[in-house]
Amino acid sequence: MPQVQFLRASVGEWIGGRSVVPDPASARAFAGAINDDTTELLDGTSVTPMFGIVPIYGPLFEAVDSVTPEHLRGTIVHGAHEILFHEPIVAGVPISARARVTGLHGSRAGTVVSVQIIVTTTEGHLSSEQWATAIVRGATTTADLGERTTIGKVNAAANDSDAGFNRVVSSVLPDQTHLYAAASGDNNAVHVDDEAARQAGFAGVILHGLCTLGIVAGSVTRASGVGDQRSLRRVSARFAGPAYPGVDLVTDIRATHPTDCYNFETRDAGGRKVLSSGLIEIR
């Protein structure tokens, strides 16, 4: 694997993004794109906290690109993501995001770029804190710079009793990627163009990682009996493999200590791992 000089000078620099308004139409479209059929979310009177993903795409991609040599930007994949929710998102109140690279580290898969993301209202109220990793495949670096992510490494203690275990199946629509692309604004070609996806090494278009996480988060909250995604305090997972349109997701959930936390792992209907080291905390 070749060693590459990454652009270290950009580490730590904040990059801002556009504001988005969770009006009833966009809130309804996003809830539908992650298969949340809660009445208040589908009629646009309430907003799923997962909508806080929508403004991050620009700043997240720009932050990763700012440290990655241009010829390698087409090799980047989303490695992991964590969201800590603070204030609820209110319909009609704009939110915006900013992001910065916090670390660069070599790994067996390539170079791991760690990113911190802050989502706030236009009045400055904190909506969510998010952390992500991007993996620049096939290129390593001697840099050992900044923070290493802990996403997927700090899970609650599992409850090993049978009563703490549950399995849920989440349906994935044939046009899921197009619904999510329209609702989120992430039109990366591997999610909407079969030929581009095949050139990237996939069998066809793949689900957005955060779409997969949104679908599964809804399934876990419903299975826990606490309601819908508005109960979420934290959600995180590693993206272990691609999910495909029309292929259902099977999630194994295990209750933990404390009991408001759930560890989970998701595979597709063929048994291939999609999400690993999953953690959900409920308010």
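Just so you know, residue 1 is the first one in the sequence shown, and it goes up from there. None of these values were measured; they are calculated from a predicted model.
- Using the six-membered ring where Trp is involved, His191 and His208 have ring planes that are parallel, under 30° apart on the 30 and 60° scheme.
- Atoms CD1 and OG, on Ile280 and Ser231 in that order, are 10.5 Å from each other to the nearest 0.5 Å.
- Neither side chain, Thr38 nor Glu40, offers a donor N or O lying under 3.5 Å from an acceptor on the other.
- Residues Ile53 and Ile83 are in side-chain contact: their nearest non-hydrogen atoms beyond the backbone lie under 4.5 Å apart.
- Side chains of Val172 and Val247 form no contact here, defined as non-hydrogen atoms less than 4.5 Å apart.
- For the residue pair Leu207 and Thr177, the shortest heavy atom distance occurs at CA-CG2, 3.7 Å.
- Pairs engaging residues 183-212 under the salt bridge (Lys or Arg N to Asp or Glu O under 4.0 Å) rule: Glu195-Arg198 [sequence neighbours left out].
- Side-chain heavy atoms closer than 4.5 Å link hydrophobic residues (I, L, V, M, F, W, Y) into clusters, and following such links, possibly through other members, connects Val216 to Val168.
- The OH atom of Tyr262 lies 6.5 Å from the CD1 atom of Ile282; values are rounded to the nearest 0.5 Å.
- Contact annotation: the side chain of Trp131 approaches that of Leu84 to within less than 4.5 Å [non-hydrogen atoms, C-beta and beyond].
- Residues that satisfy the side chain to side chain donor-acceptor pair (under 3.5 Å) test with Ser26, not counting sequence neighbours, are Asp23.
- Under the side-chain contact (heavy atoms from CB on, under 4.5 Å) test applied with Arg98, the options Ile118, Ile117, Ile15 reduce to a single match, Ile118.
- When all heavy atoms are compared, the tightest approach of Ser128 to His86 is CA-CD2, 4.0 Å.
- Among the candidates Val220, Thr221, Val235, Val47, the single residue satisfying the side-chain contact (heavy atoms from CB on, under 4.5 Å) test with Gln229 is Thr221.
- Rounding to the nearest 0.5 Å gives a distance of 9.5 Å between CZ of Arg267 and OG of Ser276.
- With rounding to the nearest 0.5 Å, the separation of CG in Leu249 from OG in Ser219 is 8.0 Å.
- Residues Leu232 and Met50 come closest through the heavy atom pair CD1-SD, 4.2 Å.
- When all heavy atoms of Ile89 and Gly52 are compared, the pair lying nearest together is CD1-N, 3.4 Å.
- Scanning for ring pair (Phe, Tyr, Trp, His ring centres under 6.0 Å) contacts around Phe85 gives an empty result, with sequence neighbours left out.
- Remark: the backbone N or O of Gln116 is not paired with any side-chain donor or acceptor of Arg100 at under 3.5 angstrom.
- No side-chain heavy atom of Arg254 sits under 4.5 Å from any side-chain heavy atom of Asp252.
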Determine, stepwise, if the pair Thr111 / Phe6 fulfils side-chain contact (heavy atoms from CB on, under 4.5 Å). CA-CA 9 Å; Thr111 296; Phe6 282 73; 3.4 Å; yes
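- Ser184 approaches Val54 most closely through the heavy-atom pair O-CG1, 3.8 Å.
- Atoms CD and CD, on Glu13 and Glu62 in that order, are 12.5 Å from each other to the nearest 0.5 Å.
- When all heavy atoms are compared, the tightest approach of Asn187 to Val192 is O-CG2, 3.9 Å.
- Between atom OG1 of residue Thr212 and atom CG of residue Leu210 there is a gap of 8.5 Å, rounded to the nearest 0.5 Å.
- With hydrogens and angles ignored, the 3.5 Å screen pairs no side-chain donor or acceptor of Arg238 with any backbone N or O of Ser277.
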